[in-house]
Amino acid sequence: MHTECAVVISGAAVLTPLADTLERLGSRLREGQCALPASLLPAITIADFDASRYAAVRGMRVYNRTTQLAICAVKRALDDAQLSTEGAAGERVGLLMAASFGHLDTLIAYDRSLVTQGLARTNPVLMPLALASAPGAATALGFNVKAFSATLSNGSAGALDAIGLGARLLAAGRADACLVVSAFSPCAELTLAASRAGLLANSAPRAFDRRRQGLVFGEAAAALVLERAECCAARGARPLGLVRGQASAFAALPEQGAARLGRAARDALRSAGLAAGEIALASSGASGSLSGDRAEAGALLGLLLEARATAREQSREAPSGPRVAAIKANLGDALDASGLLQTLLALDALRAGAAPAIVGLEEPELPGLDYQTDTAPLTGSHALISAIAHNGACSALVVSAA
Amino acid sequence: MTYDRRVVITGCGLVSAAGSELESFWSALLAGTCFIRPLADPSCTGLRAALGAEALLDEDELPPVLAADQRRARCATLAFAAARRALRDAGLSAGASELERAGVIVGTTLGEERQLGDLSERWATDGLESIDASLFGRADNHRLAATIAAELGFGGPVMLNATACSSGNAATAWAYDLIASGATPLMLAGGADTLTRVTYSGFSRMGALSKSVCRPFDRQRDGVSFGEGAGLLMLEELEHARRRGARIYAELAGYGLSNDAYHLTAPEQSGEGFARAMRQALASTASAPDEIDYISAHGTGTQYNDLGETAAVRSVLGERASRVPISSIKSMLGHTNGAASAIESIACALALTHQALPPTANLQEPDPAFGPFDFVPGRGRAARVRTCLNLSAGFGGFNACVLLKEAPDAY
């Protein structure tokens, strides 16, 4: 990605079991709070979520929980950015949603009704909401977003891919601002299937740890406003951060994960014009997954070793490496929404000068990285965000503090 | 960011009711052959009897992951078959070194809905026991793109785009951006969908499913006829294509996007949103409206779509709208949902290659409400074609247009 046209993040919102503002969430995570309950469940949900507290959008009551979460996150992100989409302004604002399973509960319910009740008694209103594109479409409709709207279903890599795509669309002049939103609400069928597939932990998730056994689903939504820097400045708005570079790759096999994710990270750094040694914080997508965590750690270790070799060649002091964070250990795995949470919490950590410790990490499977096991001060202004999805999609993003 | 790289189409692969061979596909289109017929086995539609344009899948040596269950994995199978054909057509082979950084973007409306259908039938008798471990992977539409990438050796960006029935064009647009901005020199992009009971039942309940065959732009049109299929385009950076001596079908000159933000199912009657996407496609390619030689319409045959779409075309082309040929090949292949606009881009590439226009079949009496248009009724015809605009729209208000031009060497 070229950066002749700077793209900034000018608004943000999070909805998680632990907090519903970025500042509060970052603060609670740095205090060591964890959303995971003592009695372990395969999925953690937002206990008191009430969409009407956050947004009033026509049709909200027929939308499923994922869509409601996405709408609420977008409302708060727009408020945070103080950006209007009313009237003609909506024609210069686009929306990209990252969601792989956001429609699944509606699709299952609709299809089940066809079997159990017959065609004549199905609710026709549900059919358009059963499409994979529906949560994003309903969100765009709710906020008069007219420049473009699309949904990417790339699993955990989807949000980072959406940020990259949104930045490209803004740089190409397709819009002045782009909402990137994702929500994940685990439905019973999906959770059961993941459990039966052996993906879910039967103990604490333990990201990066030798004894990890799997992940725990965590319900969440997040949204951010990408904006052309000059548009943000013209409005007198204060950016939270700067999108520097993004790149994607694909790993067909688990053993390719580290190499392909590492390549995506290198490409993202190259397009950002930064060296690996300049990264202060690596916000990884590690979740306790057996193969995913190995790929995340392997990719970061590869980058660090390369940075050290380069420093030696240039007779410079070798970098100690970025702090490595893994917020899914605290919040659970929000699949498509995780990339947005990682990104926003990384910017919050750069701002606060401290990142949350990785809960449950005692013995890293792959030593050699500076795993964030305490909340020691963090210095620097650049962060690398990484994600590898269960389906092999890899994505890396570089952001800088504003 | 600079978009200084030109993007061309160097391979086309499809699976459709008109077959998978490009020559016979094109001949069938020019002849105006309608493939919308009573389905031999309508069970996938949930109806006792149904019309549709079933894809002819004539593939041997499918990868084990697909061959094991072609019925349930039909969408992934169609997508894979089209992808393999596009790759071969581009003169590339599976696992080639050029694919190490090449990517795949597939668009779909419903993906592998049939797999969830099985779940519903078992739910009634087995309850929670009907949920097996494989559902997590099967319910993930990304599988359509990932299977292609894994089996053919793509190592670049691999994505799944969902923008309902404009998914194929939107996937093509995202691929265009990745190539034009220099992220990768090669992308396979398009869409795939199958006949599903979700779409049949939904359109039936909404009164938008044709009782016979769809008749786009006709006074007697009564709704959509569904088809199934997949279309994948090998998109390539121009200089990359030239260096390896690839045949170039056409240039993908640019695209336009918009969102109606009007209604979850109904398009804007004014066509205003659609027109914005068309204007953006023209602006992004520095093309004037009078450069358009052919419009591949979304043309579903519903009352609302055809009204809004023709209003949009008239709004953009003005007086010239009545003279620019516009046709809908959905009249022959049915509406293949997320695959439709990708298959229509292949038809546009063939129109540019063969200098001929595909027709609108089943059109007997154009609806006078549209005003005068050249819908290329009945059969195709020869024409000078330099620039094609391919229109698509989908539930949710998604509009996506791509603009194709003659191959650069033909300038």
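Numbered from 1 within each chain, the chains take letters A, B, ... in sequence-line order.
Proximity to chain A is absent for every atom of B:Glu151, based on heavy atoms less than 4.5 angstrom apart. Contact of B:Ser204 with chain A is made through the side chain alone, with heavy-atom distances under 4.5 Å. Interface residue A:Leu199: only side-chain heavy atoms are found under 4.5 Å from chain B. Of the atoms belonging to A:Leu104, it is side-chain heavy atoms, and not backbone ones, that fall under 4.5 Å from chain B. Contacts of A:Leu107 with chain B are made by side-chain atoms alone, with heavy-atom separations under 4.5 Å and no backbone atom involved. Of the two parts of B:Leu264, the backbone and the side chain both hold a non-hydrogen atom closer than 4.5 Å to a non-hydrogen atom of chain A. Contact of B:Glu100 with chain A is made through backbone and side chain together, with heavy-atom distances under 4.5 Å. Using a 4.5 Å cut-off between heavy atoms, A:Ala120 touches chain B through its backbone atoms (N, CA, C, O) alone. Heavy atoms of B:Asp140 lying under 4.5 Å from chain A belong to its backbone as well as its side chain. Both the backbone and the side chain of B:Arg101 come within contact range of chain A, judged by heavy atoms closer than 4.5 Å. For B:Leu47, the part lying under 4.5 angstrom from a heavy atom of chain A is the side chain only. Interface remark: B:Thr265 contributes side-chain atoms only to the contact with chain A (heavy atom separation under 4.5 Å). Residue contact with chain B, scored on non-hydrogen atoms closer than 4.5 Å, involves the side chain of A:Leu129 exclusively.
Put simply, the side chain of B:Met159 does not reach to within 4.5 Å of the side chain of A:Ser153, judged on heavy atoms. A:Val115 places none of its side-chain heavy atoms less than 4.5 Å from the side chain of B:Trp123.
Salt-bridge annotation for A:Arg196 and B:Asp132: absent, with no side-chain N of the basic residue lying under 4.0 Å from a carboxylate O of the acidic one. Salt-bridge check for A:Arg112 with B:Glu121: failed, with every basic side-chain N at 4.0 Å or more from each acidic carboxylate O.
Atoms CG and OG, on B:Leu257 and A:Ser149 in that order, are 10.0 Å from each other to the nearest 0.5 Å. From B:Asn259, atom CG reaches atom CD of A:Glu91 across 11.0 Å, with rounding to the nearest 0.5 Å. Once rounded to the nearest 0.5 Å, the distance linking CZ of A:Arg168 with CH2 of B:Trp174 reads 11.5 Å. To the nearest 0.5 Å, atom CZ of residue B:Arg197 and atom OH of residue A:Tyr110 are 10.0 Å apart. We find the CG-OH distance between A:Leu114 and B:Tyr200 to be 14.0 Å, quoted to the nearest 0.5 Å.
Side-chain atoms of A:Asp111 and B:Ser120 form a donor-acceptor pair, as typed in the model, at a separation below 3.5 Å.
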Please list every donor-acceptor pair under 3.5 Å in which a side-chain atom of residues 138-148 of chain A meets a protein atom from a residue at least two apart or in another chain.
| from | atom 1 | to | atom 2 | distance (Å) |
| --- | --- | --- | --- | --- |
| A:Thr139 | OG1 | A:Pro135 | O | 2.7 |
| A:Asn144 | ND2 | A:Thr85 | O | 2.8 |
| A:Asn144 | ND2 | A:Gly87 | O | 3.1 |

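For B:Thr163, the side-chain contact (heavy atoms from CB on, under 4.5 Å) test picks out A:Ala150, B:Asn161, B:Ser166, B:Ser167, B:Ala170, B:Phe398, with sequence neighbours left out.
Annotation for B:Gly155 and A:Arg263: closest pair O-NH2, 2.6 Å, computed over non-hydrogen atoms.
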